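This report concerns only the one structure given below.
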Amino acid sequence: MAGSLNKVTLIGNLGKDPEVRIIPGSETKVASFTVATTETRKNKTTGEREDHPEWHRIVIFNEKLAELVEKYVRKGSKLYIEGQLQTRSWIDKSGNERYVTEVVIGKYRGDLILLDPRREVSALNSSNKSDTSDMPLPDDKDDFDDVPF
């Protein structure tokens, strides 16, 4: 095969409000957030159906999409995301090498569609399975605080 493909498509819900930062020196906005995709499986011992969330870190380098996220996207929002997987490494404050794999929407590649743009975040129904407000964040969520932009 002559070429290769790096494309990720997700539909999921935000676990918390997005963070929007400005890259120093360029005044370009970058948005980052985590999205949960949930698979429902039957528990083999109890027979009950259980939700199993998978968390994905999303970074948007497209300024127009970052502005859209800043204005309209909140915890619980349902999104369609199309981007590329990228793994970055850096040295943390303790001198340890760290890695993070993210779904990246670049300046000219990728897509973001708000699937519930008119819904008020306060109107989320806690019994709704698509509401991620009670889902635990990934175990390594503190690692995201060290990720440099």
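Just so you know, these numbers use all the heavy atoms, side chains as well, and skip hydrogens, waters and symmetry mates. A quick note: this is a predicted structure, and the numbers were derived from the prediction, not measured.
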Would you call Glu82 and Lys7 a side-chain contact if the rule is heavy atoms closer than 4.5 Å?
yes
Taking it one step at a time, do Arg57 and Glu102 satisfy salt bridge (charged side-chain N to carboxylate O under 4.0 Å, His left out)?
CA-CA 5 Å; Arg57 181 164 170 77; Glu102 302 162 322; 3.1 Å; yes
Please examine the side chains of His52 and Glu54, heavy atoms only from C-beta on, and report whether any two atoms are closer than 4.5 Å.
no
Give the cluster check for Ile91 versus Val100: same hydrophobic cluster or not, with ILVMFWY residues linked at side-chain heavy-atom distances below 4.5 Å.
no
Does any non-hydrogen side-chain atom of Asp111 lie less than 4.5 Å from one of Ile105?
no
Side-chain heavy atoms of Tyr108 within contact of Asn62, under 4.5 Å
no
Residues Phe61, Val104; criterion side-chain contact (heavy atoms from CB on, under 4.5 Å); working and verdict
CA-CA 8 Å; Phe61 290 102; Val104 175; 3.6 Å; yes
Do the non-hydrogen side-chain atoms of Leu114 and Tyr72 ever get within less than 4.5 Å of each other?
yes
In terms of hydrophobic clusters joined by side-chain contacts under 4.5 Å, are Leu85 and Phe33 together?
yes
Kindly work out whether a path of hydrophobic side-chain contacts (I/L/V/M/F/W/Y, heavy atoms less than 4.5 Å apart) joins Val20 to Ile60.
no
Using side-chain heavy atoms (C-beta onward) and a distance below 4.5 Å, is Val35 in contact with Trp55?
no
Side chain to side chain, Ile22 and Thr28, heavy atoms closer than 4.5 Å
no
Check for a donor-acceptor pair, side chain of Asp116 on one end and backbone N or O of Ser77 on the other, with a separation under 3.5 Å.
no
With a 4.5 Å heavy-atom cut-off, do Val103 and Ile81 have their side chains touching?
yes
Any donor-acceptor pair under 3.5 Å from Asp92 side chain to Asn96 backbone
yes
Step-by-step side-chain contact (heavy atoms from CB on, under 4.5 Å) determination, Leu68 to Val73
CA-CA 7 Å; Leu68 177 84; Val73 175; 5.6 Å; no
The single option from Leu14, Leu10, Ile113 that satisfies side-chain contact (heavy atoms from CB on, under 4.5 Å) with Leu79 is Leu14
Run the numbers on Glu70 and Lys29 for salt bridge (charged side-chain N to carboxylate O under 4.0 Å, His left out), then give the verdict.
CA-CA 10 Å; Glu70 184 176 39; Lys29 286 187 179 182; 2.5 Å; yes
My understanding is that only one of Thr34, Thr101, Thr37 makes a side chain to side chain donor-acceptor pair (under 3.5 Å) with His56; could you say which?
Thr37
Run Arg98 and Ser89 through side-chain contact (heavy atoms from CB on, under 4.5 Å) and show every step you take.
CA-CA 5 Å; Arg98 308 285 298 239; Ser89 65; over 6 Å; no
